[in-house]
Amino acid sequence: MTEMNENPLDLLPEVLLAASAVLGLLLGSWLPRARQWAVGLLAAVACVAGIAAASVAAAEPATTVFGDAFAIDTVTSTSRIVVLAGTLLVLGVSFRPLRGDARESEFYVLVQLAGVGALMMAGAQDLLLLAAAYLLASIPSYTLAGFRKDGPGTEAALKYYVIGALLGVLMLTGITVLYATGRATGYPVLGDAFRDAPKSLLATGTIGLLAGLLFKAGGVPAHFWVPDAVQGSSPPVAALLTTIPKIGALAALFRLGDAVLADSTLPWAALLAVLAAASMTLGNLAAFFQQDVKRLLAYSTISQVGYLLMPVAVAGRSDLAQQALLYYLAAYAVTNLGAFAVVCALPHARTLDDYRGLARERPLLATSLVICLLGLIGTPPTAVFLGKLEAFSAAFDGGYAWLAALAAANTVASLFYYLRWIVPAVSRGGSSPPVDGDRAARVIAYAATTISLGLGLAGGPVLEALSS
């Protein structure tokens, strides 16, 4: 019998965030309303401590724990740091809007639990653990989408929940079929079993599994919830929904492709390439004439999933795939959160025209917005530029030159709708947007912009570290 390597310290970042959520829930039951902010402070401390623990673990050799169900490697360590940093930024833009709210502590707890689910998805190396992580990442997110209890929030939560429940059932069905096909749930065993598995069973199970993971990533064809859920939820929640679950889902997809499906009888790479092409194209086309800024960013995030799926598609086929995905994930997360931080800083500016004259009233905030939007396009020297370049190179190296060419064309096309937001923001004519916004959100926007630029300028050493 193989000894189970059950050491909770191996999951220290996840344990810290989960323990902070439980302790915060207890504290919220006793603290007066004016001091509920202490739960948010505890959550921020847990994120910082988790980042430190993940950084220490990243220097250790790759290993698996808990009966090989959870992998601790470069993919997991990078996802840990990005998810925890993203959670910290979401908490930062949430403090002022929630100050004194009757359910302030519950909000911070739900954000942490959603983060724990994303962390577990990123490191899961067993189908059952992946299913549990999916549920942990999903259920708090449903609640957060309708947290404001208003009409748009209720509609957002309902659509998000109904689609998530449907695709979650499909995911569990797919896992059941894959278990029946491979007679196991662990990735190493499944990787060997799927080499000679019946194509029909393997295809059925994989499509079901893909349904759930693409839902969390917000990719086509499981993207229908994204625009309505993002538009209807509060800006901090919208920032979380378009960033944190996506990291865990894409890391899980990469691990599945690399360890389980790369050598199977299923045309995994071709399937992911088609989904990548559909996501980037549909997201860009739908974003062209959007007026609501949150809805525009929602379609933008669908298109970004398409670019992020490119290195996932060539997992096991290109040596550039891992570093391209991880770097792009970090670059996208900080740049997208920077754009949403600007939205959080101006809660009364909802349409593109509401941002007209922003450069005159808040030049630094307008600069952050411009840099983040240009970064989402892929303009140097922002980090997304290098991330896209690496993703294109990985696709080309993996034999999908047509996908790289399509992605380049979509990148050029995306310039149109981002400029529709940039031009009013830097124009001098028209009325100015309200500037009595959230100072903490402005600080987060400045910090995210700086990190995006710094990550882009330090891309060489970072990519080298991610390739190990």
Side-chain angles (χ1 to χ4, degrees), residues 90 93-94 96-97 145-148 150-157 159-160 218 223-243 282-304 335-377 413-439 441-442 444-445 448-449:
V90 171
V93 298
S94 305
R96 180 171 175 178
F147 196 80
R148 293 189 301 187
D150 56 5
T154 302
E155 181 183 357
K159 290 182 178 179
Y160 191 20
H223 66 286
F224 296 103
W225 63 274
V226 178
D228 292 329
V230 170
Q231 184 181 18
S233 57
S234 64
V237 173
L240 183 146
L241 295 180
T242 58
T243 308
L282 186 146
N284 279 328
L285 291 177
F288 273 3
F289 301 106
Q290 297 298 324
Q291 292 296 325
D292 185 279
V293 293
K294 287 194 292 182
R295 199 169 182 89
L296 186 148
L297 286 173
Y299 282 113
S300 168
T301 196
I302 295 173
S303 71
Q304 294 292 332
T335 308
N336 185 65
L337 287 172
F340 268 105
V342 176
V343 176
C344 294
L346 300 170
H348 302 294
R350 295 183 175 87
T351 67
L352 301 180
D353 286 337
D354 290 338
Y355 282 77
R356 191 171 299 278
L358 178 63
R360 182 175 65 252
E361 299 295 332
R362 292 284 185 188
L364 282 179
L365 193 62
T367 302
S368 295
L369 176 64
V370 171
I371 291 175
C372 288
L373 293 180
L374 290 176
L376 290 174
I377 297 171
S414 68
L415 182 64
F416 171 76
Y417 63 84
Y418 287 118
L419 283 177
R420 292 183 61 243
W421 192 353
I422 292 174
V423 171
V426 300
S427 65
R428 296 185 176 274
S431 59
S432 302
V435 295
D436 56 341
D438 185 353
R439 176 180 295 181
R442 294 201 300 270
I444 295 296
T449 304

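Reckoned from all heavy atoms, side chains included, excluding hydrogens, waters and symmetry mates. Everything numeric here is computed off the predicted structure, so don't read it as measured data.
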Please report the shortest heavy-atom distance between C372 and T449, naming the atom on each side.
SG-OG1, 3.5 Å
Can you name the nearest heavy-atom pair linking A341 to V93, along with the distance?
CB-CG1, 4.1 Å
Expected output: side-chain Q304 to main-chain L376 donor-acceptor under 3.5 Å:
yes
Any donor-acceptor pair under 3.5 Å from R96 side chain to A345 backbone
no
Is V230 close to F340 at the side-chain level, that is, under 4.5 Å between some pair of heavy atoms?
yes
Does either side chain, that of S300 or that of Y418, offer a donor lying less than 3.5 Å from an acceptor on the other one?
yes
Below 4.5 Å, heavy atoms only, C-beta onward: do V342 and V293 meet side chain to side chain?
no
Going from OG1 on T242 to CG on L337, what distance comes out if it is rounded to the nearest 0.5 angstrom?
7.0 Å
How long is the gap from CZ on R295 to CD on Q231, to the nearest 0.5 Å?
5.0 Å
Between OG of S368 and CD1 of I444, what distance do you get to the nearest 0.5 Å?
11.5 Å
Is the backbone of W225 close enough, under 3.5 Å, to the side chain of D228 for a donor and an acceptor to pair up by distance?
no
Within the 4.5 Å heavy-atom criterion, are T243 and V90 side-chain neighbours or not?
no
Rounded to the nearest 0.5 Å, what separates atom OG1 in T367 from atom CZ in R362?
13.0 Å
Minimal non-hydrogen separation, W421 against Y355, with atom names:
NE1-CG, 3.5 Å
Is it true that T301 and N336 share a donor-acceptor pair across their side chains at a distance under 3.5 Å?
no
A359 versus A366, closest heavy-atom pair with distance:
CA-CB, 3.5 Å
Tell me whether E361 contacts the main-chain N or O of G357 through its side chain, where contact means a donor paired with an acceptor under 3.5 Å.
no
Side chain proximity check, I422 to L419, heavy atoms < 4.5 angstrom:
yes
With distance as the sole test, does R420 use its side chain to make a donor-acceptor pair with the main-chain N or O of Q291 at under 3.5 Å?
no
Report the distance from atom NZ of K294 to atom OG of S233, rounding to the nearest 0.5 Å.
5.5 Å
So how far is it from I377 CD1 to Y417 OH, rounded to the nearest 0.5 Å?
8.0 Å
Measure across D354 and H348 and return the closest heavy-atom pair with its distance rounded to 0.1 Å.
OD2-O, 4.1 Å
What are the two closest non-hydrogen atoms of C344 and P236, and how far apart are they?
SG-N, 3.7 Å
